[in-house]
Amino acid sequence: MRNAGPVLAVLGLILALWYAGAVWLNAAWTYDQASRNGTEVTMALLLSDTMAQERPVLPPPHQVAGELWKGLTAWAPSSKKSLVYHGLVTLTATFWGFVFGTVLGCLMAVGIVRSRVIELGLMPWAVISQTIPVVALAPMIVVLSNTLGFGERIGVENQLVSKTIIAAYLSYFPVLVGMVKGLRAPDQMQLDLLKTYGASEIQTFRLLRLPSSMPYLFASLKVGIAASLVGAIVGELPTGAIEGLGARMLIGSQFGSPIIVWAALFAAAILAGVLVVVMAGVERLVLKKMGMAQ
Amino acid sequence: ETVKLQLKWVTQAQFAGYYVAEAKGYYKEEGLEVEILPGGPDIAPAQVIAGGGADVIIDWMPSALAAREKGLPLVNIAQPFKSSGLMLTCLKETGVASPADFADKTLGVWFFGNEYPFLSWMSQLGLKTDGSPGGVTVLKQGFNVDPLLQKQAACISTMTYNEYGQVLDAGIKAEDLVTFKYEEQGVATLEDGLYVLEDNLKDPAFEEKMVKFVRASMKGWKDAEANPDEAAMIVLEADQTGAQTEAHQKFMMGEVAKLTAGSNGALDEADYKRTVATLMAGGSDPVITKEPEGAWTHQITDKALQ
Amino acid sequence: MLAAAVLFAWDLSRLAIRRAPRLAQVLVPVLGGLFALGLWEVLTRAFEVPEVILPAPSAIWGAILANLDLLRDDFIQTVLKGAVTGYVMGAAAAVLVAVLVDRVPFLRRGLLPVGNFVSALPIVGIAPIMVMWFGFDWQSKAAVVVVMVFFPVLVNMVAGLAAADRMQRDLMETWGATPTQRLRYLSLPAAMPFLFNGLKIAATLALIGAIVAENFGSPTLGMGFRISTAVGQLALPLVWAEIAVAALAGSVFYGLVSAAERRVTFWHPSQRGK
Amino acid sequence: MSQTAKPAPGQQTAPAIEARGVNLVFQTNDGPVQALKDVNLTINQGDFVSFIGPSGCGKTTFLRAIAALEHPTSGTLTVNGMTPDEARRKRAYGYVFQAAGLYPWRTIAKNISLPLEIMGFSKDEQEERTQRVLDLVDLKGFGQKFPWQLSGGMQQRASIARALAFDADILLMDEPFGALDEIVRDRLNEELLNLWARTGKTIGFVTHSIPEAVYLSTKIVVMSPRPGRITDVIDSPLPKHRPLDIRDTPEFIEIAHRVREGLRAGHAHD
Amino acid sequence: MSQTAKPAPGQQTAPAIEARGVNLVFQTNDGPVQALKDVNLTINQGDFVSFIGPSGCGKTTFLRAIAALEHPTSGTLTVNGMTPDEARRKRAYGYVFQAAGLYPWRTIAKNISLPLEIMGFSKDEQEERTQRVLDLVDLKGFGQKFPWQLSGGMQQRASIARALAFDADILLMDEPFGALDEIVRDRLNEELLNLWARTGKTIGFVTHSIPEAVYLSTKIVVMSPRPGRITDVIDSPLPKHRPLDIRDTPEFIEIAHRVREGLRAGHAHD
Ligand SMILES: Nc1ncnc2c1ncn2[C@@H]1O[C@H](COP(=O)(O)OP(=O)(O)OP(=O)(O)O)[C@@H](O)[C@H]1O
Ligand SMILES: Nc1ncnc2c1ncn2[C@@H]1O[C@H](COP(=O)(O)OP(=O)(O)OP(=O)(O)O)[C@@H](O)[C@H]1O
Ligand SMILES: Cc1ncc(C[n+]2csc(CCO)c2C)c(N)n1
Ligand SMILES: [Mg+2]
Ligand SMILES: [Mg+2]
């Protein structure tokens with residue numbers, strides 16, 4: 001709460017810049033239209049027109065906020081016009097993608113820290129996996145989840161399976177990198193101490209490496225959950241854009257409604273923001289419980 | 001019996017016939033359970049059918065023939081669209097009045113398998129597309145008409161039933177625009193046909209299924225042509241993103257109806273020949289290198305349209 | 001037989017790591033790669049996977065050889081112009097903002113939440129806007145990369161700037177170090193392990209961002225353009241040839257960042273053993 | 001029971017450090033801990049003050065408060081007539097922590113020259129001073145090593161060298177010689193006395209060694225634990241010049257005895 | 001000049017620790033550092049061995065080598081007839097490091113029960129032992145605090161408690177009492193002797209205090225620096241039972257003198 005003042009100040013500044021930007025970027029269209037119609041552009045017209053275009057280059061905040069508000073409140077959350085509905089669709093894939101991605105990232109990190117062979121054999125391929133665009137993998141993922149009918153068997157849509165896979169694919173990597181660093185963070189003395197106890201490797205992990213990796217883990221989890229959301233949204237396109245925030249952005253873009261795109265964009269960003277804040281909350285809680293938040 | 005139909009693009013009135021057939025129970029009457037899979041960017045219908053993700057797909061003939069040459073034996077079983085809705089839309093103020101003015105201009109083009117008609121046309125015009133002087137500069141156009149509105153391109157690709165309407169909606173008057181319909185330039189290629197895998201056709205059960213499917217689909221199409229506004233509303237209902245607008249879908253349905261009007265579903269061999277000729281004429285870099293064999297059949301439509 | 005091959009590769013790797021650690025750094029990944037490629041080739045042939053779904057490595061290799069010029073031009077357009085430029089600008093901006101945020105408590109409390117929010121805007125939404133603002137060429141791709149890279153670097157850098165322990169900070173206080181000096185001598189060095197964490201993640205994001213951004217409008221050049229066009233043409237071997245280049249470029253990029261990390265953070269316990 | 005230090009007879013200098021009714025309470029997860037209670041103390045310019053008391057009695061906390069690293073919950077604390085914060089900005093302090101606290105990314109020599117760099121000494125001067133103090137603490141030849149390559153005692157010596165390299169008015173040292181062997185410790189004790197005599201610095205020094213406290217100090221502050229209070233302030237009658245064997249004189253032994261008694265009383269308190 | 005320890009007269013037990021020609025070289029950024037050179041030493045079961053020597057002479061390194069935390073570059077080192085690695089797997093060691101090395105995410109009590117947890121003691125036993133050693137080092141009531149809420153000396157005591165909580169055969173202590181005041185130190189010295197007498201553990205103990213070394217040990221190993229060598233091994237003739245005032249006996253003073261001479265020689269070497 002004590003952040004309210006500064007946040008508001010920064011937001012105010014951004015809003016001011018945004019409005020200025022909207023006038024500046026949308027002006028070209030106003031002038032073009034005027035010259036096509038052979039009319040003059042007055043200052044008043046310029047201001048009022050740039051604030052209310054149907055397909056502005058940069059929609060002013062109130063247009064976006066209005067659309068966002070409408071999307072959030074004007075329809076029942078179960079309506080396909082409701083941003084709540086699409087947000088939840090995307091969130092579901094984000095969540096599962098994040099869960100699987102985190103588990104995968106952590107498991108790989110453990111393997112990498114434990115064995116040099118795994119590190120050398122796996123790490124370059126983990127890096128490479130991140131350089132393969134989803135576009136190229138999507139057909140395989142879609143075909144696999146369709147033909148194997150995995151989703152049908154566990155009672156969810158294959159869409160969700162594909163999206164989850166893509167979200168997990170994008171989010172495991174930040175977790176992997178952070179965890180490798182974190183699991184290696186304990187200093188020599190701390191490791192030596194456990195050695196003198198004859199602690200097993202599992203004990204060393206549980207009692208030392210894991211706790212000391214926490215700050216790194218959480219920094220990565222925050223990046224990871226945002227990546228997972230991006231993955232879910234990206235995953236909505238090549239899996240058949242039916243529903244979800246990504247699908248809405250695509251349709252808005254295809255049919256020339258930038259305001260819809262921006263509203264969906266902000267809905268996604270708000271979702272990401274909320275997820276990151278939730279993650280930060282979990283972080284504070286965990287670190288405090290562990291006595292690491294001093 | 002289930003049929004999976006992979007569309008070429010997102011849910012919109014371009015595919016109204018299928019949605020109408022579904023909504024009005026024409027498929028059900030044939031005993032079919034049809035699953036309509038919307039497309040989108042990065043969805044290549046040919047790839048989906050190759051991977052077993054669909055039984056039948058909607059594609060443009062140039063890309064279907066190209067796929068066939070690549071070893072994926074697609075066969076056209078029906079052609080609900082008689083004529084092409086593809087055109088190049090230019091801002092008059094850029095000074096483009098005829099194809100001769102394209103030289104040294106920037107043109108927006110859809111890729112992802114949609115570029116073949118354009119490339120054929122340009123090579124027939126003798127314009128290079130690699131950006132060299134005297135040729136044209138090609139932009140890979142995104143999903144919308146912004147490049148024209150923002151004057152990033154002199155001309156962009158539009159469909160009569162979709163993007164052209166958007167340009168008008170945006171507030172540019174028709175008289176400020178110059179359009180070049182592929183039909184009128186003599187380079188039209190067949191759009192939105194139904195394609196299946198050749199091997200499947202040998203299976204009588206599959207053939208039977210497709211006969212029913214095409215029959216019901218054409219019923220849907222003719223219904224949509226007759227009741228365009230109702231069809232547009234059905235499409236709107238089917239759009240799960242909730243972002244489509246009624247006005248635009250009604251406009252689109254109106255324009256699409258003009259393209260499907262001349263077809264009863266059976267492929268017109270003359271249209272096919274013209275398409276192949278256009279594609280083969282592609283100068284140094286033709287889309288297809290040899291006359292395709294067996295790329296279409298009346299096997300289904302003959303039975304479906306008795 | 002497969003199990004035997006795995007075991008053999010495993011033992012060979014262990015031997016290499018013990019006997020020739022330098023060589024092993026190259027040998028083991030290559031061994032792993034060859035193994036994966038072999039498996040891939042065998043599987044695609046055995047199950048007759050259609051080429052339009054997943055081509056065999058041999059077909060991909062053929063496509064690489066046949067398209068060397070094309071691959072080079074795409075590489076320059078996407079990696080050098082799009083990804084690297086955007087990466088450098090985005091990472092630099094994130095570091096600067098992190099420093100600013102760390103230094104001015106008002107900003108930390110005001111900008112960080114808002115920054116988290118803005119930077120979490122997904123690429124699919126950002127890319128069309130950037131194309132609208134910066135045009136079709138590589139500049140808009142670089143802009144997308146800037147936005148994508150910014151968040152991971154910022155988050156890590158902010159965490160890193162707070163990483164110095166109490167005694168290390170107290171020392172600076174007793175010396176009456178100015179904030180700038182404290183930054184230079186303490187916060188920045190202490191932040192380096194975290195920063196590199198972010199930089200490594202960002203390195204891969206940059207490449208993928210530049211590639212994906214080309215789907216939203218581009219000249220007829222670039223790896224993303226080629227990939228999506230070739231998918232549309234069902235020229236999957238060419239798609240995978242581009243991916244191979246992307247993978248190679250990504251690994252080299254990542255390797256360079258890792259090498260820099262080893263040089264800069266040699267003192268961190270996680271690096272000392274190496 | 002707190003006690004005010006009387007100015008040492010014959011000394012007229014202004015107080016360097018003055019504490020009046022200083023209290024300091026830490027808030028912890030299981031309740032507040034009173035680390036300092038009602039501390040009154042005057043330290044004059046040029047004093048060598050040792051703090052001695054059982055572990056956990058608040059010696060470190062008091063030193064930190066002087067250096068403006070902690071802020072008293074109540075009471076006033078002035079340093080050269082300023083607040084500790086102001087004094088810090090004037091770079092009045094050299095501080096040696098209980099643990100070495102070297103920066104792992106700098107070599108030993110670079111660690112030592114760091115405060116010099118911060119305070120704007122010239123390159124040559126930095127070099128010269130670094131070599132001198134490295135020599136002083138017997139670490140010649142280790143300048144290019146990194147902290148983790150040194151033994152614990154060597155690290156501690158490096159940290160002492162770092163604090164000695166620049167000429168702060170007030171030198172605060174928290175058990176600087178705890179990790180050193182007797183012989184090095186004796187050497188460094190002598191060196192420290194020399195430095196102090198030569199420069200007239202004010203030195204605050206925490207130690208657990210009674211002989212060390214007596215040998216070095218003009219004033220010995222005995223503290224008792226939880227809550228940390230001052231139980232005795234002893235002004236040393238020993239002369240400024242102190243050869244090592246002064247430790248066998250009766251005065252020395254008497255003071256040492258008084259300190260030991262004070263400490264025992266503190267422990268009994270526990 | 002290395003020296004082999006003769007078995008203490010009248011002792012017949014098997015050697016607990018035996019070093020033969022041990023050398024240990026560290027590779028650093030600016031060349032190799034020879035930390036141990038040709039070290040020969042026999043420590044019998046039940047011995048209390050102190051290591052004393054100038055800072056940086058290799059005491060810590062030798063202790064670490066015994067605990068299999070470093071590996072000699074050459075020579076052989078056996079512990080209870082096994083390699084140090086094997087002995088470690090048998091959980092033969094309790095180790096107190098030169099710095100406290102508590103885990104910041106665990107409370108003091110949790111830090112102490114950590115080895116017990118690892119070694120599979122029951123919950124009740126863990127609880128009971130933790131309380132007992134907390135009491136022993138005078139930290140009752142601090143179990144629920146986190147390490148950074150404790151003073152330096154208290155942290156060090158917690159780390160001693162941690163090593164005492166489980167009954168390792170061999171207790172290795174690296175300057176455990178360096179940060180403690182004299183009175184607490186005396187107390188803990190006595191406690192340690194009691195523990196040792198009661199349990200017959202073998203103890204390796206690094207200290208910088210000559211009186212402490214003499215008071216505690218059955219065997220004093222004097223080392224000289226760079227490269228670390230053993231210059232003298234003194235078997236103490238003091239009885240097993242040692243009241244604190246044994247420190248004023250002539251035998252005591254004589255041994256202390258011999259140690260001091262050994263140390264001085266080492267320093268001269270420098
Ligand atoms: N990890 C390391 N890398 C390089 N050199 C090291 C390392 N650890 C110790 N040394 C060197 O080995 C020598 C012996 O160090 P050691 O820690 O054993 O000394 P020590 O006798 O314990 O000293 P002190 O009393 O100061 O703790 C020192 O010169 C030190 O610089
Ligand atoms: N950051 C902190 N949070 C909570 N309590 C603290 C903190 N720092 C110190 N304390 C408490 O304050 C008291 C005094 O600590 P201080 O470090 O001043 O002792 P000290 O006299 O220096 O002891 P030592 O000789 O062991 O170093 C202790 O009881 C300690 O637990
Ligand atoms: C990558 C890609 N970009 C744009 C379009 C848009 N588009 C091209 S043709 C057409 C009309 C027929 O569906 C539409 C909308 C697409 N399909 N694929
Ligand atoms: Mg202290
Ligand atoms: Mg040591």
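Owing to the predicted nature of the structure, the values given are computational and were not obtained by experimental measurement. Reminder, nothing fancy here: chain letters follow the sequence lines and each chain counts from 1.
- A cation-pi arrangement is present between E/Arg247 and E/Tyr215, with the terminal nitrogen or guanidinium carbon under 6.0 Å from the aromatic centre and inside a 45° cone about the axis.
- Take E/Phe205 and apply the ring pair (Phe, Tyr, Trp, His ring centres under 6.0 Å) test, not counting sequence neighbours, and it matches E/Phe48, E/Phe177.
- Comparing D/Gln155, D/Gln156, D/Arg157, D/Lys59 by how many heavy-atom pairs each has under 4.5 Å with chain E, the most go to D/Arg157.
- Using a 4.5 Å cut-off between heavy atoms, E/Phe142 touches chain D through its side chain atoms alone.
- Residue with the most contacts toward chain D among E/Ser209, E/Gly56, E/Ala35, E/Cys57: E/Gly56 (heavy-atom pairs, distance under 4.5 Å).
- Using a 4.5 Å heavy-atom cutoff, the side chains of D/Leu164 and D/Leu195 are in contact.
- Chosen from E/Glu175, E/Gln144, E/Gln149, the residue pairing most often with chain D at heavy-atom distances under 4.5 Å is E/Gln149.
- Using the six-membered ring where Trp is involved, E/Phe62 and E/Phe51 have ring planes that are perpendicular, over 60° apart on the 30 and 60° scheme.
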